[in-house]
Amino acid sequence: MEVVTEAVKELPLMERSAWKALNTHSKKIGKLHLRDLFATDPERGRRLAVEAAGLYLDYSKNRVTDDTLNLLLQLAEESGLRARIEAMFRGEKINRTEKRAVLHVALRAPQGASIVVEGRNVVPDVHDVLQKMTDFSNRVRSGALTGHTGKPIRNIINIGIGGSDLGPVMAYEALRHYSDRERTFRFVSNVDGTDFAEAVRDLNPAETLFIVSSKTFTTLETMVNAHTAREWSLAGLGGELKSVARHFVAVSTNASEVSKFGIDPKNMFGFWDWVGGRYSMDSAIGLSTMLAIGPDHFRAMLEGFHAIDEHFRTAPLERNLPVLMGLLALWNTNFLGAETVAVLPYDQYLKRFPAYLQQLTMESNGKHVTLHGTEVDYQTGPIYWGEPGTNGQHSFYQLIHQGTRLIPCDFIAFGRPLNQLKHHHDVLIANVCAQAEALAFGKTRAQVAAEGTPDWLVPHRVFEGNRPSNSIFAEQLTPSTLGKLVALYEHSVFTQGAIWDIDSFDQWGVELGKILAKRIIPEIESPVEPMLGHDSSTNTLIRRYRDYRQTA
Ligand code: G6Q
């Protein structure tokens with residue numbers, strides 16, 4: 001099926017009438033304060049909120065009026081957002097530069113659904129792999145599957161990087177409450193030997209299963225780690241090659257490389273080229289997640305994803321959570337000059353969620369040309385970052401409250417805690433509410449002075465306020481809620497990328513460094529002094545490292 005064409009017909013972004021109107025409008029809005037917006041509309045906090053599939057989004061503390069929202073929605077229409085959404089769900093090759101369909105939504109489509117890629121309904125394939133993962137997980141979790149020496153598998157190590165690591169790590173941490181506490185789960189990604197050494201230092205190879213997760217099965221870091229794991233495992237199991245079959249499985253799209261590595265393709269869990277790495281935590285790349293939380297919880301997570309997929313596909317744009325989040329991020333970036341978005345989960349289990357979102361958002365929308373290769377003349381993807389509250393409050397929130405930059409925040413919180421300890425949760429939620437309130441409304445000079453603050457100290461204690469934030473609340477952090485949250489951000493990223501008219505699904509920016517590293521490895525390892533043809537800085541750094549290496 002050919003690449004969607006609707007974007008071709010459109011005007012460049014900055015020439016669209018809604019964009020131009022937003023530009024003019026933003027000059028007026030720049031002067032409005034959230035204090036006034038709330039004072040003149042007592043219903044604002046209820047009105048500018050929307051709930052879908054159990055996620056509640058309060059976006060009232062953004063610097064927007066009804067006119068702003070209408071113009072943003074108009075921009076979405078003028079940019080053909082609806083057609084783009086449909087094109088994705090129909091399996092069109094919207095990843096233009098890689099000529100691929102983008103169908104992570106098929107990974108969570110229920111049995112019986114039909115999503116056709118190049119004439120083939122892929123949903124039955126998805127469910128076949130899910131069934132294979134389920135059978136395998138049940139065998140490991142019940143103890144039926146043992147290691148080479150007959151001992152049960154107690155340790156599971158996922159080896160992968162980027163999209164083959166960040167999702168599994170995040171999901172494991174996020175859903176640890178639901179995990180099998182009898183087993184140890186670790187994740188090795190970095191080619192820095194420390195990562196592997198620390199992951200295995202207290203483990204028995206006879207009880208350890210490695211999942212080598214790599215879509216391509218050629219990624220340098222993963223292959224170096226996988227070979228080290230193989231040596232470590234063999235060394236602990238008497239060097240018997242047939243032990244590999246019991247201690248290694250692969251998640252990949254590349255069966256021939258998997259078997260070259262020595263893993264029997266029947267121990268391989270497949271996925272497809274229409275699943276992008278950073279959109280793959282709900283594919284077989286989530287095998288470690290399923291082993292940790294069990295197949296039922298994994299399927300509940302998929303149902304959560306699917307609920308938001310359906311909402312994204314069918315809800316009117318003005319009630320559509322991912323669309324609103326995407327439009328607000330775009331408003332803050334392109335019209336209010338924000339450069340980052342802070343994601344602040346008030347839940348310790350979500351401690352790796354900001355790291356996960358960094359890849360999802362920045363690898364997707366960190367692009368400088370449009371789908372058609374022309375240089376953009378507007379900002380694209382903002383920098384996403386964050387830490388769990390309340391820890392961040394005692395660290396970088398100072399800059400958000402009183403610094404000179406505008407940093408929109410996404411606060412995430414849950415109604416019911418998974419660990420009920422005295423009134424911890426009430427204190428936690430009081431903090432998330434207080435932070436959003438303080439950022440929006442601040443504290444005026446008059447308020448500070450009225451507290452008896454000496455004149456010289458007043459400026460230091462003034463909080464300007466007018467700092468935008470979203471608050472995302474849900475009842476409880478469950479596997480289903482996690483699926484919903486991830487899908488919310490996936491589709492918010494999609495919305496932004498569709499309007500910016502960029503390819504949110506390629507990642508050419510990671511290539512150059514990879515190629516250069518491959519060139520430098522032999523120069524570093526050469527037994528004779530190599531001829532170096534880099535710039536003078538790179539040459540000197542390589543020589544310095546060679547000196548360290550010789551004295552090591
Ligand atoms: C994600 C990227 C990238 C990828 C890693 C690992 O969208 O494509 O982060 O996931 O480079 O790739 P492999 O799974 O092929 O090892």
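Side chains are part of it too, since the values below use all heavy atoms of this structure and drop only hydrogens, waters and symmetry mates. Residue numbers start at 1 and run along the sequence shown. In listed order, ligands and their atoms are each counted from 1.
Remark: atom 10 (O) of ligand 1 lies closer than 4.0 Å to at least one protein heavy atom.
In terms of protein heavy-atom proximity, atom 4 (C) of ligand 1 is closest to G163 N, 3.8 Å. Of the protein's non-hydrogen atoms, E363 OE1, 3.3 Å is the one closest to atom 2 (C) of ligand 1. Here the protein heavy atom with the shortest distance to atom 15 (O) of ligand 1 is T216 OG1, 2.6 Å.
Residues N254 and S252 bring no donor and acceptor atom of their side chains to less than 3.5 Å of each other.
In the vicinity of T219, heavy-atom distances shorter than 4.0 Å reach the ligand 1 atoms 12 (O), 13 (P), 15 (O), 16 (O). Ligand 1 places these atoms under 4.0 Å from at least one heavy atom of G277: 1 (C), 7 (O), 10 (O). Near I161, with a cut-off below 4.0 Å to any heavy atom, the atoms of ligand 1 are 5 (C), 6 (C), 10 (O).
Judged as a ring pair (Phe, Tyr, Trp, His ring centres under 6.0 Å), and not counting sequence neighbours, F271 has no contacts.
At a threshold of 4.0 Å, the pair R352-E173 does not count as salt-bridged, since none of the basic side-chain nitrogens sits closer than that to a carboxylate oxygen. A salt bridge is defined here as a Lys NZ or Arg NE, NH1 or NH2 lying under 4.0 Å from an Asp or Glu carboxylate O, and R186 with D202 meets this definition.
P205 approaches L237 most closely through the heavy-atom pair O-CD1, 4.2 Å.
Between S164 and ligand 1, at least one pair of N/O atoms sits closer than 3.5 Å.
Taking the ring centroids of Y489 and Y356, they lie at or beyond the 6.0 Å cut-off.
Taking 4.5 Å as the limit, every side-chain heavy atom of L357 sits out of range of all side-chain heavy atoms of D410.
For atom 3 (C) of ligand 1, the nearest non-hydrogen atom from the set K215, Q359, K514, E98 belongs to Q359.
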